[in-house]
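Just so it is clear: chains get the letters A, B, ... in the order the sequence lines come, proteins before strands, and each one is counted from 1. The model shown is predicted, which means the values in this text are computed figures rather than measured ones.
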Amino acid sequence: MNALDVDAVKSILTRLKQVMDDERDRLIELDQAIGDGDLGLAMTKAFTAAAEEADASEETLPGKLLMRAGMVIAKAAPSTMGTLVATGFMRGGKAVGEAEAIGPGELAAFWRAFVDGIMQRGKTQLGNKTIVDSLHPAAEALEEAAAAGKSLAEALADAAAAARKGNEAAKMMQSQHGRAAVFRDQTIGKEDGGAYVGVLLIEAFAAQAAG
Amino acid sequence: MNALDVDAVKSILTRLKQVMDDERDRLIELDQAIGDGDLGLAMTKAFTAAAEEADASEETLPGKLLMRAGMVIAKAAPSTMGTLVATGFMRGGKAVGEAEAIGPGELAAFWRAFVDGIMQRGKTQLGNKTIVDSLHPAAEALEEAAAAGKSLAEALADAAAAARKGNEAAKMMQSQHGRAAVFRDQTIGKEDGGAYVGVLLIEAFAAQAAG
Amino acid sequence: MVKKFLNDPKNFVVEMLEGIIAAHPRQLAYVADDVHCIVKAGERQPNKVAIATGGGSGHLPLFLGYVGEGLLDGCAVGDVFQSPSAEQMLEVTKAIDAGAGVLYIYGNYSGDIINFDMAAEMADMEGIRVESVIAADDVASAPKGEEGKRRGVAGIFYVYKCAGAMAAEGGTLEEVKRIAEKACANVRTMGVALTPCIVPEVGTPGFEIGEDEMEIGMGIHGERGIRRGPLRTADEIIDEIMPQIVDDLPFVQGDEVSVLVNSLGATPKEELYILYRRVSQILGEKGIRVFNTYVGEFATSMEMAGASVSLFRLDDELKRLLCKPAHTPFFVQPQL
Amino acid sequence: MVKKFLNDPKNFVVEMLEGIIAAHPRQLAYVADDVHCIVKAGERQPNKVAIATGGGSGHLPLFLGYVGEGLLDGCAVGDVFQSPSAEQMLEVTKAIDAGAGVLYIYGNYSGDIINFDMAAEMADMEGIRVESVIAADDVASAPKGEEGKRRGVAGIFYVYKCAGAMAAEGGTLEEVKRIAEKACANVRTMGVALTPCIVPEVGTPGFEIGEDEMEIGMGIHGERGIRRGPLRTADEIIDEIMPQIVDDLPFVQGDEVSVLVNSLGATPKEELYILYRRVSQILGEKGIRVFNTYVGEFATSMEMAGASVSLFRLDDELKRLLCKPAHTPFFVQPQL
Ligand SMILES: Nc1ncnc2c1ncn2[C@@H]1O[C@H](COP(=O)(O)OP(=O)(O)O)[C@@H](O)[C@H]1O
Ligand SMILES: Nc1ncnc2c1ncn2[C@@H]1O[C@H](COP(=O)(O)OP(=O)(O)O)[C@@H](O)[C@H]1O
Ligand SMILES: [Mg+2]
Ligand SMILES: [Mg+2]
Ligand SMILES: [Mg+2]
Ligand SMILES: [Mg+2]
């Protein structure tokens, strides 16, 4: 399988529900340390809704389904991360357009639009200790892999590695946004829950491509 | 000494401050069990004020000083027991009148007026598990002792015994007044804080006469 | 550990009163050089019947919070959970009497009764006409038939409100007293406590409620209630207390009521509305119409968690008086 | 153990909102078949600028409690401590727009900003003019010079009050926005928390405060403050926070202010007045005049014990607007 069709996207969304349920407490903990502790709730709500949408949807195009997922997430989880992830799925899905399946090129376009959407909506950029710090390197890795003609699984393995590296790097950054910003240099050395969510998102895609 | 002059009354009031301070926690406990727990606070306030008044007063007549004590207690401790005890001291002091010293006869009149004042103000009588149940027998004992020509110390020893007996008997009664009334038969078997205060009052007089 | 904003606990009441006077100088003042003797600021309205209340501290907005336009004229304030003194009541009485007499409205607690009775005697000697009405709305505190033994709790708000409106309209002492008695006769309350509260001077709770327990019918000084048991859901609690309130008066199909859902202190408004939701469902099922609703803090026990529900049966007269505007530092209502 | 009146914690917000609507049917309604989309009941006033707010639940009377006469027109309500969705904000916006545009006034939280921005874009596509003003009054949350990073807390009350009065007077969207911005520029707040609070769905406190500790500057969702330390006396606490509020604007001798002493939930009014007593002494010493005082619950964190102090600097225009009457189920003020 070198491309994700609508069923593959459905199983990614279902997998993400499972992942967020499993990671709920960890996300709460990370967000408690430098935020308000609701990240685990937001993400489980977001992907429960997305998985339900995937399950019920008669959409045949993967891009359309990803857009729909964004829309239900916006409703279900209107926290910072919820709305940013929703924006990401909507913009990314739009970038995939009418493609029947998502190959490495479409996937790079998806994640590029995803992360650009988040930066625009969040008025932020690389280096501010947010989800952008894991997703932006991942999008770049996907673009490079696509340009190098790598397979979908290889491309996503690269992207997951880049996301994890970005998440690691973000630990040493200082939060500039939201509730974390008030902790200033106390945030340095701590993991950002949003950046970790970025890793989980990419890994779910990678797991689907790998398995 | 077969009569209490103004200095003796002063030392009774000073002694009562000490007694109430020592018994504060016990009174709180008793009142917590079948009331609101403030009896210890009310009585320490009452007799701190009475002792200060005694200390500062230039009154030469014991009856007048006892009335003054009642008036400052009314101000300082306006709880049920505070106002009842205040009423008692005011009425009792008035009954002592212009006597230079309080002998057995005056003392009987004092406590009779004291307990009558409480019954009138509290709209109560014997048997309702209140301070009346210790003070009423004490007043009767004093009247009998005075009639029998006993000494002040003997009369007060009888009165203290009667008060203690009354307090014991009150344990088996059911509270009819105030916060205790709502506990109904749960109050049976429990000691009434007010009846115990009656014992403390009489015992302080007895200790003065004895010592 | 007391988690309270306090200085010396001994000064709790005086500092609170100083703060209240400092915060509301246009609305409240004190007399007799004693901050416990609170009166409405400004001129007395000649020949208006004056209304006084009084009681212990720790229940804000009770009691002094109802001193103001369209409500009460004065309040004697006691220590925490303690009656004010008869002398303080007398000072308030003298300050607010405008020649038409003074009505005392207060809760059914022996300390208050004994002191108000003493104050009334003293006022009588000064030539001031005084009448008294005692609120006793807590159905949990004594069974039907022994209403005279019941505690006064949040329902006294309705007694103040209607009597205050009647006095503002120029009613005589007899008329204002009649309204106060009628309001008493038409209000019933029951509460549930989840946690105790701490009297600052004592420093520890006067009683305990187990970690997962509640006490149905507890009084506002922590007096024991009807039943202690495991904490239940909001709906189950309302299902337990509503019949005891409704059946007591009884409130019946076709009645029109005002409802008061009162926080005992720490319970937040969110939870009060969850409770009210079930109250309104039950009243709907029973065909009892709700005219209006008060939700918030009306009679508290400092930081006690818990709530009470009061029902007040309306007729045209009580409704008209309830709708009148009122304005104190703690309670504002436009004409309804 | 959660000592709360609750049914299924999942239904906490919906049941609370149902209770609010049931309690105040003449004053509040909802749109889009969604009880989270609260609007003022009754007819729109043609060509009046509409004001919307929104934010997470758990802060009553924030946010929906300020929907009513002389204040706001609508409010989108989120889950506990969570922003409502952009779609809910849009529904409220569409329902309240009366042709003169809609002003969003809300607190400086990233979730709210992101959703209100999204809603504003969507409203724009529907041809509704929307402007936004973000309250950021908490001096503890970022130093002077970085005001844009500060949280919005109880001081938003003044922004609502003045903007609401301006809109009621018939001000244009630009005028109402100018007043809201001016109010934001003139209000400063700081708070102290004594205990955490529990998000019903989580069931345990999101953070701890030691048995004998307090946290100066804690946010209304339990965001960490400036300093954690042993609990001090009421006066010492006020002595610590007042300079940080006063020096920030700065408020100077001759200024006239309105003061808001706000309970974070469990702290009773008694203690708020003990705090205010010291606030008024300090302002007196500094020659800052107090025009009026609000004391009570204006912005809470459910059952958190704690309090905040807000100062609002007045000029003739803000004072005139502050004095205008207002009437919601949670806040009533006559013309001052
Ligand atoms: N302006 C922003 N742009 C991008 N990401 C952001 C921004 N603000 C916060 N984040 C991310 O959101 C995460 C917090 O998400 P969430 O818990 O949903 O926020 P909140 O509870 O503050 O609404 C942070 O860890 C960070 O990665
Ligand atoms: N009506 C009454 N007449 C006489 N004594 C009473 C009456 N009511 C209560 N008492 C006595 O007062 C005691 C309680 O006093 P106190 O704690 O001061 O009352 P409260 O706290 O209810 O004001 C009771 O133990 C009882 O002895
Ligand atoms: Mg968060
Ligand atoms: Mg007592
Ligand atoms: Mg008492
Ligand atoms: Mg959040």
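The candidate from D:M214, D:E18, D:E236 with the greatest count of non-hydrogen atom pairs under 4.5 Å with chain C is D:E18. Counting heavy-atom pairs closer than 4.5 Å to chain C, the top-ranked of the candidates D:Q333, D:R232, D:E297 is D:E297. Considering only heavy-atom pairs separated by less than 4.5 Å from chain C, the leading option among D:Q281, D:M304, D:E15 is D:E15. The most heavy-atom pairs under 4.5 Å with chain C, out of D:G296, D:A305, D:G265, D:G58, come from D:G58. Contact tally against chain C (heavy-atom pairs below 4.5 Å) for D:G306, D:S57, D:S301, D:G284: the top residue is D:G306.
No hydrogens or angles considered: a donor-acceptor pair under 3.5 Å links the side chains of C:Y273 and D:H24.
Between D:L60 and C:E270, the shortest heavy-atom distance links the atoms N-OE2, 2.9 Å. Contact between D:K3 and C:E213 at its shortest, heavy atoms only, is NZ-O, 3.0 Å. Of all non-hydrogen atoms in C:E271 and D:F12, the two that sit nearest each other are CG-CE1, 4.4 Å. Closest approach of D:E303 and C:A266 over heavy atoms only: CB-O, 3.9 Å.
Within the 4.5 angstrom heavy-atom criterion, no atom of D:N11 approaches chain C. Proximity to chain C (any heavy atom under 4.5 Å) is restricted, for D:L275, to the side chain, taken from C-beta onward. Looking at D:L17, there are no atoms closer than 4.5 Å to chain C (heavy atoms on both sides), in backbone or side chain. Neither the backbone nor the side chain of D:R278 comes within contact range of chain C, judged by heavy atoms closer than 4.5 Å.
Relative to the six-membered ring of C:F5, D:R277 misses at least one condition, a distance below 6.0 Å or an angle of at most 45° to the axis.
Once rounded to the nearest 0.5 Å, the distance linking CG of C:L6 with CD1 of D:I274 reads 5.5 Å.
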